[in-house]
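First up is the structure itself, then whatever we jot down about it.
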Amino acid sequence: MGKTLDSTLRFNGTSRVGTVGAAAVALTAVGANIFDVRIVSGGNCWYNTTGTATAGAGSIYLPAGVVEYIHVSPGVVISFIQDGAATGTFNMAEMTR
């Protein structure tokens with residue numbers, strides 16, 4: 001059974017975009033009082049909320065076009081890196097309740 005989306009989440013108007021490439025990229029820190037973000041990538045990639053993303057162990061795989069909502073702490077920095085030769089853009093949107 002899958003999880004259901006929390007319908008109380010709303011986009012707060014703040015988003016960040018980065019280019020997925022061979023080197024890890026870190027987005028600007030999540031804002032104060034932000035505990036949930038929506039992420040999606042135009043290319044297969046790996047992301048990390050506790051350090052620098054690496055392709056493989058220690059990071060989380062995100063297939064191209066898949067939208068994920070993740071719970072974060074205010075000030076967390078999300079890092080991402082391409083999987084193989086996949087490129088595209090990585091988008092993170094801050095969500096509020």
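Note that the structure is predicted; figures quoted are calculated from it, not measured.
- Of all non-hydrogen atoms in I70 and I78, the two that sit nearest each other are CD1-CD1, 4.3 Å.
- The same ILVMFWY cluster, assembled from side-chain heavy atoms under 4.5 Å apart, contains both I60 and L62.
- The hydrophobic clustering, which links ILVMFWY residues whose side-chain heavy atoms are closer than 4.5 Å, places F80 and V67 apart.
- Shown are T49, L27, T50; of these, the side chain to side chain contact (heavy atoms under 4.5 Å, CB included) with V76 is made only by T49.
- Interatomic distance, CD1 of I39 versus OG of S15, reported as 13.5 Å (0.5 Å rounding).
- Here the shortest heavy-atom pairing between T52 and S59 reads O-OG, 4.4 Å.
- Evaluation of the ring-ring contact (aromatic ring centres under 6.0 Å, His included) test over residues 8-32, restricted to residues two or more places apart or in two chains, returns none.
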Residues 30-37 side chain polar contacts: donor-acceptor under 3.5 Å, at least two apart:
from : atom 1 : to  : atom 2 : distance (Å)
D36  : OD1    : H71 : ND1    : 3.2
D36  : OD2    : R97 : NH2    : 3.1

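- Residue C45 comes nearest to V20 through the heavy atom pair CB-CG1, 4.0 Å, listed as atom of the first residue, atom of the second, then distance.
- Nearest approach of A29 to G75, heavy atoms of both residues: CB-O, 3.4 Å.
- With a 4.5 Å cut-off on side-chain heavy atoms, V40 and E68 do not count as touching.
- A64 and G42 make their closest contact through CB-O, 3.7 Å (heavy atoms, listed as atom of the first residue, atom of the second, distance).
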Which pairs of donor and acceptor atoms, one on a side chain in residues 81-90, lie under 3.5 Å apart (sequence neighbours left out)?
from : atom 1 : to  : atom 2 : distance (Å)
Q82  : OE1    : A22 : N      : 3.2
Q82  : NE2    : G84 : O      : 2.6
D83  : OD1    : W46 : NE1    : 2.9

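- For the pair E94/R38, no side-chain contact is recorded, criterion being any heavy-atom separation below 4.5 Å from C-beta on.
- Separating the CZ atom in R10 from the CE atom in M95 is a distance of 8.0 Å, to the nearest 0.5 Å.
- With contacts defined as side-chain heavy-atom distances shorter than 4.5 Å, the pair Y61/N44 qualifies.
- At least one donor-acceptor pair under 3.5 Å links the side chain of S79 to the backbone N or O of A53.
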